[in-house]
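Report on one structure; see the data block that follows.
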Amino acid sequence: MLKEHIKTLKDKVDFKNTILLLDRGYYSLELKLFLEKHGIKYIFRLASNVYEKEISNMENIDENLKIKNTAERQRSITDENLLKKAKKEP
């Protein structure tokens, strides 16, 4: 649903000067790729019990979290174009 809202707003909102803030539950590899495809900057709030391996590699809680693009995470992508993009990224 969020992707549809963004598509509707794309002609009305200057996303180049916007940072989209998303609460827990919104993060998905597909949504991340969608936002990047449309040049939208974003910040996702994550629950503390997800991406535990990546979180354990952080030096402090205020740094960017590098979420690995794995084959398992790619399985949930339904958009074929975004899936192709995901498979090209490390």
Side-chain angles (χ1 to χ4, degrees):
M1 182 181 281
L2 179 60
K3 292 194 302 185
E4 295 306 317
H5 289 305
I6 289 171
K7 288 176 186 176
T8 301
L9 289 171
K10 197 162 182 354
D11 296 332
K12 299 173 183 142
V13 175
D14 180 10
F15 282 113
K16 291 180 183 169
N17 295 314
T18 301
I19 298 174
L20 191 61
L21 298 173
L22 298 146
D23 206 354
R24 289 179 257 204
Y26 276 94
Y27 182 82
S28 70
L29 180 57
E30 183 167 4
L31 181 56
K32 173 190 170 290
L33 294 169
F34 174 84
L35 296 173
E36 290 172 353
K37 175 183 172 184
H38 292 283
I40 300 171
K41 297 176 198 83
Y42 54 86
I43 297 173
F44 285 96
R45 183 174 180 209
L46 297 174
S48 61
N49 63 342
V50 296
Y51 307 108
E52 290 174 341
K53 184 175 181 179
E54 287 92 340
I55 289 171
S56 70
N57 292 325
M58 294 173 66
E59 293 182 22
N60 66 64
I61 61 169
D62 291 327
E63 66 183 80
N64 292 332
L65 179 62
K66 306 282 190 235
I67 297 176
K68 293 186 175 122
N69 178 357
T70 64
E72 181 180 342
R73 291 178 180 154
Q74 290 174 9
R75 284 189 210 118
S76 65
I77 298 175
T78 58
D79 181 308
E80 287 298 318
N81 292 323
L82 293 177
L83 180 58
K84 287 177 189 175
K85 180 177 167 75
K87 288 183 177 182
K88 290 179 185 177
E89 290 186 0

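One-based numbering along the sequence shown. Nothing here was measured: the structure is a model prediction, and the numbers come from that model.
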Sole residue of Ile40, Thr18, Ile6 in side-chain contact (heavy atoms from CB on, under 4.5 Å) with Val13: Thr18

Are any side-chain N or O atoms of Lys41 and backbone N or O atoms of Lys16, one a donor and one an acceptor, separated by less than 3.5 Å? yes

Rounded to the nearest 0.5 Å, what separates atom CG in Asn69 from atom CD in Gln74? 4.5 Å

Dump the intermediate steps for salt bridge (Lys or Arg N to Asp or Glu O under 4.0 Å) on Glu36 and Lys32, then the final yes or no. CA-CA 6 Å; Glu36 290 172 353; Lys32 173 190 170 290; 3.1 Å; yes

Could you list the residues that satisfy ring pair (Phe, Tyr, Trp, His ring centres under 6.0 Å) with Tyr27, not counting sequence neighbours? Phe44, Tyr51

Between Leu33 and Leu82, what is the shortest heavy-atom contact and its length? CD1-O, 3.5 Å

Check whether any side-chain heavy atom of Leu2 lies under 4.5 Å from a side-chain heavy atom of Tyr26, and answer yes or no. yes

Report the distance from atom CG of Leu65 to atom CD1 of Ile43, rounding to the nearest 0.5 Å. 13.0 Å

Are more than 12 heavy atoms, taken from residues, nucleotides or ligands other than Leu21, located less than 6.0 Å from that residue's CG atom? yes

Is it true that atom NZ of Lys84 has more than 12 heavy atoms of other residues, nucleotides or ligands lying nearer than 6.0 Å? no

Shortest non-hydrogen pair, Ile55 vs Ala47, comes out as CD1-O, 4.4 Å

At their closest point, which heavy atom of Arg24 faces which heavy atom of Leu46, and how far apart are they? CG-C, 3.7 Å

Distance check, rounded to the nearest 0.5 Å: Leu20 atom CG versus Leu9 atom CG? 10.0 Å

For Thr78 and Glu30, which I'm curious about, is there any donor-acceptor pair between the side chains at under 3.5 Å? yes

Determine whether more than 12 heavy atoms belonging to other residues, nucleotides or ligands lie under 6.0 Å from atom CG of Asn64. no

Kindly give the heavy-atom pair with the smallest separation between Lys10 and Phe15, and that separation in Å. CA-CE1, 3.8 Å

Could you grab the distance from atom NZ of Lys87 to atom CD1 of Ile77, nearest 0.5 Å is fine? 9.0 Å

Around Glu63, counting heavy atoms of other residues, nucleotides and ligands shown, do more than 12 lie under 6.0 Å from its CD? yes

